[in-house]
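Let me begin by presenting the structure, written as structure tokens, before commenting on it.
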2 protein chains.
Amino acid sequence: MAQAIPLRKHSPLKASCHQCSLSNLCLPLAIEENDLDRLEDIVQQGRIFNRGEHIFDQSTPFRSCFAVKSGSIKTSIITEGGEEQVTGFFMPGELVGLDSMGSKTYARTAKALERTSVCEFPVDKLEELTGKLPELQHHMYHMMSQEIQNSHQLAMLLSKNTAEERIAALLLSLSSRFQRRRLSPTNFSLPMARNDIANFLGLAVETVSRVFTRFQNQGLIRARGREVELLDVEALQAVTREFSRQGC
Amino acid sequence: MAQAIPLRKHSPLKASCHQCSLSNLCLPLAIEENDLDRLEDIVQQGRIFNRGEHIFDQSTPFRSCFAVKSGSIKTSIITEGGEEQVTGFFMPGELVGLDSMGSKTYARTAKALERTSVCEFPVDKLEELTGKLPELQHHMYHMMSQEIQNSHQLAMLLSKNTAEERIAALLLSLSSRFQRRRLSPTNFSLPMARNDIANFLGLAVETVSRVFTRFQNQGLIRARGREVELLDVEALQAVTREFSRQGC
DNA sequence: CGTCCAACTTGATTCATATCAAAGCCGTAT
DNA sequence: ATACGGCTTTGATATGAATCAAGTTGGACG
């Protein structure tokens with residue numbers, strides 16, 4: 001489904017938010033069509049990262065936020081003890097690096113889980129622009145507050161819920177995020193390893209594995225490796241109870 | 001240690017950030033002395049809330065952020081099942097409501113834990129002002145990103161740490177927050193009940209109680225009801241390991 | 001085509017913390 | 001003073017998930 005290439009005044013190296021299929025999920029959704037050019041002016045057409053490559057590293061100077069165009073990203077903290085703590089997964093249309101806004105250095109490391117392309121928003125330019133476009137500033141506040149809420153929701157999930165509830169919540173979160181992109185909400189492939197899931201959800205890998213098979217035996221899902229099919233979304237929702245989370 | 005009262009042009013109903021002893025912790029720290037007037041113009045001298053009174057309620061229209069002047073506040077979410085989930089405690093100099101920025105309604109309920117006075121920042125005015133003062137905008141981003149980081153740190157604490165580690169982390173967090181206000185970091189009174197601590201840390205009340213007595217028996221703290229004395233901060237830090245959190 | 005290594009699964013045992021149950025403490029109101 | 005109710009502590013038991021210990025699968029690569 002190739003897109004027609006319109007005549008644009010910008011250099012071909014610039015990303016074109018106008019044509020981006022993710023513009024309804026990403027920063028552009030905040031602003032008027034005619035202000036979009038100003039956003040395009042600061043966006044840098046991002047590199048492509050291969051699986052395992054770092055988009056940025058914890059403690060290095062904070063320069064940019066990144067929007068995922070395709071692929072997926074995992075963010076994590078390396079503790080003093082050298083252990084990794086996975087803090088989130090980011091899918092196309094989602095913005096990585098908000099947790100470092102206003103800081104001098106990146107608070108986390110971001111790593112491509114697969115071949116991934118991104119758009120880059122240099123923070124100095126971004127802050128300048130949000131100072132001029134109130135809607136964009138408002139949207140930044142909104143996205144950041146959402147991230148606060150999401151991580152509190154995560155904290156709740158981790159502190160009050162069983163392994164089954166956590167995993168059901170993650171599956172449903174991924175499901176709804178695929179759905180937003182008009183992909184199948186019931187049939188997708190996990191971008192991350194069991195290990196990452198376990199780490200993110202505060203569980204042992206073995207437990208994750210066991211819950212997957214338990215869900216499978218109960219007819220809630222079908223899973224072969226990273227391929228997952230949700231067979232009974234209702235039942236999964238019942239498992240998570242009050243946790244209808246929109247993002248991890 | 002009464003402060004001299006300078007002649008000011010503002011109405012006596014307005015808060016005076018210039019003289020506030022918390023100005024080095026609060027929003028004013030971001031801006032120049034001469035821009036401070038503009039912040040003062042939008043600040044509303046807050047009401048005093050009695051113990052148990054709500055500063056705002058989850059799902060009601062989001063109008064303002066609040067800075068704690070004295071006392072303390074607890075924020076929580078009420079889940080569909082009607083259960084309370086404590087999401088944070090706020091002490092003087094700290095800003096409540098950031099997690100609702102950019103949203104139409106408050107994401108949480110905020111309740112005074114004791115007699116508490118606040119300063120109120122109406123969001124419409126605040127957003128307008130941050131659009132004009134880049135340093136203030138930057139500071140808002142900074143504070144919001146800090147809150148994202150804090151809640152991820154909390155998620156980590158809840159998912160990977162034992163009851164002892166969580167409680168030690170909370171005690172040390174409170175300690176350093178008292179210290180920032182030039183109060184004793186080792187001798188203070190907890191603003192919240194054991195129940196709130198348990199809820200916040202994802203533990204049973206009984207566990208919190210047991211850990212308190214265990215710490216006491218080990219000579220780490222002395223606790224009588226809400227009065228707490230930290231006897232061995234080093235040891236407490238050792239308990240929390242890598243968790244040197246600056247805020248809950 | 002087979003070897004190797006990492007990712008994943010399965011089973012047995014242990015341990016921290018929840019849960020259930022009951023008693024003690026303290027402030028407040030009668 | 002005394003009694004009530006909420007908060008806190010203590011004890012006994014149950015349980016979900018971690019840990020330890022083998023396997024098993026599957027993809028990458030010679």
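Below, chains carry the letters A, B, ... as their sequence lines are ordered, and counting in each starts from 1. A quick note: this is a predicted structure, and the numbers were derived from the prediction, not measured.
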Are any of the side-chain heavy atoms of A/Val118 and A/Lys69 separated by less than 4.5 Å?
no
Short side-chain N/O contact from A/Arg224 to OP1 or OP2 of C/dC8, under 4.0 Å
no
Kindly determine whether B/Thr87 and B/Thr75 satisfy side-chain hydrogen bond (donor to acceptor under 3.5 Å, both in side chains), including the steps that lead there.
CA-CA 6 Å; B/Thr87 58; B/Thr75 56; 2.9 Å; yes
Plane angle bin for B/Phe178 and B/Phe188 - parallel if under 30°, tilted between 30 and 60°, otherwise perpendicular
parallel
Given D/dA17, C/dT19, D/dT19, identify the nucleotide with an atom nearest to the side chain of A/Thr162.
D/dA17
Hey, does the side-chain of A/Arg210 have a donor or acceptor N/O within less than 3.5 Å of a partner on the base of D/dG16?
no
Below 4.0 angstrom, N of the basic side chain to O of the carboxylate: do B/Glu83 and A/Lys160 qualify?
no
Taking only side-chain nitrogens and oxygens of B/Arg194, does any of them come within less than 4.0 Å of OP1 or OP2 of D/dT9?
yes
Where the side chain of B/Ala163 is concerned, which of C/dC20, C/dT17, D/dT19 is the nearest nucleotide?
C/dT17
Side-chain N or O of B/Ser209 versus OP1/OP2 of D/dT8: is the shortest distance under 4.0 Å?
no
OP1, OP2 of D/dT10 versus side-chain N and O of B/Thr213: anything below 4.0 Å?
yes
Closest nucleotide among D/dA17, C/dT19, C/dA18 to the A/Leu203 side chain:
D/dA17
